[in-house]
Amino acid sequence: MHDCKITQIGSCICTGEPLTAGGPDVLRNSSFPFGSWIHPGLRMARTMDPLAKKIFKGVLVAELAGIFGAYFLFKKMNTSQDFRQTMSKKFPFILEVYYKSIEHSGMYGIREQDQEKWLNSKN
């Protein structure tokens, strides 16, 4: 077997020969229902290194936590004007992202309502 890459479906970059069933460098892929043939260079390892598995799981958990955190933060800002005021003092850049996202979705006037209420509450 030689190490090579596929240039297009069915041909080898090393020899230019078509990869056909029964060739020495082509293996039967039993996971496909109609009997596709694959080049050995395209096979993926079935097992992962334990460290790689832990890193993958950690990245996946971090991404899910970020998605859920962003969702709950958006939900809280969307339902509480007082929370938006707190966000304007502590994290104004996050509040700006919130305003831009709701304006992008077609909801206008929230920013103006907040500013009007906060201005009136100071007086």
Side-chain angles (χ1 to χ4, degrees):
M1 264 188 227
H2 63 274
D3 246 354
C4 72
K5 295 187 171 124
I6 305 282
T7 56
Q8 53 185 315
I9 296 177
S11 66
C12 176
I13 200 169
C14 298
T15 63
E17 297 174 7
L19 299 175
T20 57
D25 293 335
V26 181
L27 301 174
R28 180 95 165 98
N29 186 349
S30 60
S31 64
F32 290 109
F34 299 110
S36 298
W37 299 90
I38 60 169
H39 190 273
L42 297 178
R43 288 182 295 172
M44 291 181 62
R46 291 186 182 246
T47 60
M48 288 178 73
D49 181 28
L51 178 62
K53 205 180 256 189
K54 285 181 183 180
I55 291 171
F56 177 77
K57 285 181 182 179
V59 168
L60 186 65
V61 167
E63 285 187 12
L64 288 173
I67 289 169
F68 283 114
Y71 170 75
F72 288 114
L73 181 65
F74 181 86
K75 187 175 178 182
K76 182 75 172 172
M77 283 195 291
N78 207 29
T79 57
S80 173
Q81 197 172 35
D82 293 332
F83 185 72
R84 287 195 299 269
Q85 186 173 18
T86 302
M87 292 298 290
S88 73
K89 292 174 184 172
K90 293 183 178 181
F91 305 104
F93 59 94
I94 294 176
L95 185 63
E96 186 62 28
V97 170
Y98 166 78
Y99 285 141
K100 287 187 186 271
S101 67
I102 61 169
E103 288 168 357
H104 185 70
S105 70
M107 296 173 55
Y108 297 97
I110 303 291
R111 182 191 310 252
E112 292 77 15
Q113 289 174 3
D114 288 348
Q115 289 172 349
E116 185 179 329
K117 181 182 178 192
W118 300 337
L119 186 64
N120 290 336
S121 67
K122 287 182 181 179
N123 295 335

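None of these values were measured; they are calculated from a predicted model.
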Notebook entry, point to check: Between atom CD of Gln115 and atom CD1 of Ile110, what is the distance when rounded to the nearest 0.5 Å?
Noted result: 12.0 Å
Check: Just how far is it from atom NZ of Lys57 to atom NZ of Lys53, taken to the nearest 0.5 Å?
Finding: 6.0 Å
Notebook entry, point to check: Does the distance from a Lys or Arg side-chain N to an Asp or Glu carboxylate O, for Lys117 and Glu112, drop under 4.0 Å?
Noted result: no
Next item on the list: Classify the side-chain pair Asp114/Gln81 by whether it contains a donor and acceptor separated by less than 3.5 Å.
Entry: yes
Can you give me every donor-acceptor pair (side chain of residues 67-79, partner residue at least two apart or in another chain, under 3.5 Å) with its distance?
residue : atom : partner : partner atom : Å
Asn78   : OD1  : Tyr98   : OH           : 2.8
Thr79   : OG1  : Lys75   : O            : 3.0
Thr79   : OG1  : Lys76   : O            : 3.3

Margin query: Counting only heavy atoms not in Phe83 (residues, nucleotides, ligands), do more than 12 fall under 6.0 Å from its CZ?
Written below: yes
Check: For the side chain of Tyr99 and the backbone of Arg111, is there at least one donor-acceptor N/O pair under 3.5 Å apart?
Finding: no
Check: In Å and rounded to the nearest 0.5 Å, what is the CD to OG distance from Glu96 to Ser101?
Finding: 10.0 Å
Margin query: With rounding to the nearest 0.5 angstrom, report the OG to CZ distance, Ser88 to Phe93.
Written below: 12.5 Å
Note to self: On a heavy-atom basis, which atom in Trp118 and which in Arg84 lie closest, and how many Å separate them?
What the structure shows: CZ2-C, 3.7 Å
